[in-house]
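See structure below.
All values below come from the heavy atoms of this structure, side chains included, with hydrogens, waters and symmetry mates left out.
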Amino acid sequence: MTHASVSPHRTSDRLRNCVLATVLGLAAWQAHAATGGHQHGALTLDIAIDGPTLAIEMEAPLDSLLGFEHAPRTAAQKQAAQALLARLRQPDGLFVPDAAAACTLKSASADSAALAPDTKAGGHADHADLDARYEWTCGNAAALRSVDLGGLLDGYQRIQTVDAQIASPTGQFKQRLKRPQKVLRWGK
Ligand SMILES: [Zn+2]
């Protein structure tokens with residue numbers, strides 16, 4: 001005869017494992033939440049090549065670019081914030097696609113909620129990100145195998161690592177770039 005019920009011993013094992021998994025999951029979540037889900041000194045790029053279009057989305061802890069993550073308080077901070085947004089909205093030399101792909105910048109945007117004009121100075125001290133999005137139209141997008149980030153890394157010394165995901169017609173790639181590397185490369 002088969003016995004359908006689970007023994008009390010097995011049940012308590014399962015319960016303990018379940019509780020343990022929940023506690024570990026919560027700890028991981030808390031660690032993530034403590035930094036706003038981002039790591040200072042890092043930034044991430046989502047690179048997509050679709051037909052003739054190259055799109056790069058950048059998400060960066062504001063600290064990685066600016067050194068602070070609150071709304072600007074002093075005149076110097078206000079100036080630094082404005083200079084950062086202006087520079088990222090005119091990204092010539094910051095992201096340089098492979099010359100072989102013959103790409104021309106089509107659009108650029110950069111924004112951070114912490115730097116919006118109506119954000120109260122010193123309003124909150126949470127972590128803050130900056131998001132930027134760029135699009136190029138390329139004469140030969142299929143030839144694209146690299147983006148030179150030298151201008152970005154030279155201009156913003158706090159950036160230590162760049163994690164990139166690349167979705168291209170030749171496949172999906174994940175690349176981590178660390179100083180002193182400056183050129184993100186993928187595929188062959
Ligand atoms: Zn932060």
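In this structure, L115 and L62 have side chains that are in contact, with non-hydrogen atoms separated by less than 4.5 Å. Contact of the I159 side chain with the L65 side chain is registered, since non-hydrogen atoms from C-beta on lie closer than 4.5 Å. Residues Q165 and Q175 have side chains not in contact (no heavy-atom distance under 4.5 Å, counting atoms from C-beta outward). Considering only heavy atoms from C-beta on, I166 stays 4.5 Å or farther from Q172 through its side chain. Taking the side chain as every heavy atom from C-beta outward, I56 and V147 approach each other to under 4.5 Å. At a threshold of 4.5 Å between non-hydrogen side-chain atoms, the residues T44 and V162 do not count as touching. L43 places a side-chain heavy atom less than 4.5 Å from the side chain of M58. Between L130 and L85, the closest side-chain pair of non-hydrogen atoms falls below 4.5 Å.
Under the disulfide (SG to SG under 2.5 Å) criterion, no residue pair touches residues 141-188, with sequence neighbours excluded. Sorted by first and then second residue, the ring pair (Phe, Tyr, Trp, His ring centres under 6.0 Å) pairs with a member in residues 149-169 form an empty list; sequence neighbours excluded. For residues 154-168, every residue pair satisfying the salt bridge (Lys or Arg N to Asp or Glu O under 4.0 Å) rule, not counting sequence neighbours, is listed here: D63-R158, D154-K182, D163-R176. Residue pairs meeting the salt bridge (Lys or Arg N to Asp or Glu O under 4.0 Å) criterion with at least one partner in residues 49-61, sequence neighbours excluded, are E57-R133. Within the structure, disulfide (SG to SG under 2.5 Å) pairs that include any residue of residues 152-188 do not occur (at least two apart or interchain).
Side-chain atoms of S64 never come within 3.5 Å of backbone atoms of H40 as a donor-acceptor pair (strictly under, hydrogens ignored).
With sequence neighbours left out, Q77 forms a side-chain contact (heavy atoms from CB on, under 4.5 Å) with F68, H70, P72, R73, T74. Scanning for side-chain hydrogen bond (donor to acceptor under 3.5 Å, both in side chains) contacts around S146 gives an empty result, with sequence neighbours left out. Taking S107 as the reference, E135 meet the side-chain contact (heavy atoms from CB on, under 4.5 Å) condition, with sequence neighbours excluded. When the side-chain contact (heavy atoms from CB on, under 4.5 Å) test is applied to A80, the partners found at least two apart in sequence or on another chain are L66. With sequence neighbours excluded, no residue satisfies side-chain contact (heavy atoms from CB on, under 4.5 Å) with Q82. Every side-chain hydrogen bond (donor to acceptor under 3.5 Å, both in side chains) that T170 has, sequence neighbours left out, goes to S168.
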Which pairs would a plain distance check flag for residues 86-104, meaning a side-chain donor or acceptor within less than 3.5 Å of a matching protein atom at least two apart in sequence or in another chain?
from	atom 1	to	atom 2	distance (Å)
R87	NH1	Q90	O	2.6
R87	NH1	D92	O	3.4
R87	NH2	D92	O	2.8
R89	NE	A110	O	2.9
R89	NH2	A110	O	2.8
R89	NH2	D111	OD1	2.9
D98	OD2	R145	N	3.0

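Across every non-hydrogen atom of I49 and W186, the tightest pair is CD1-CZ2, 4.0 Å. Scanning both residues, Y134 and A108, for their nearest heavy atoms gives CD2-CB, 3.4 Å. When every heavy atom of E69 is checked against every heavy atom of P61, the shortest pair comes out as OE2-CB, 3.6 Å.
Distance CG/L144 to CZ/R185: 11.5 Å, rounded to 0.5 Å.
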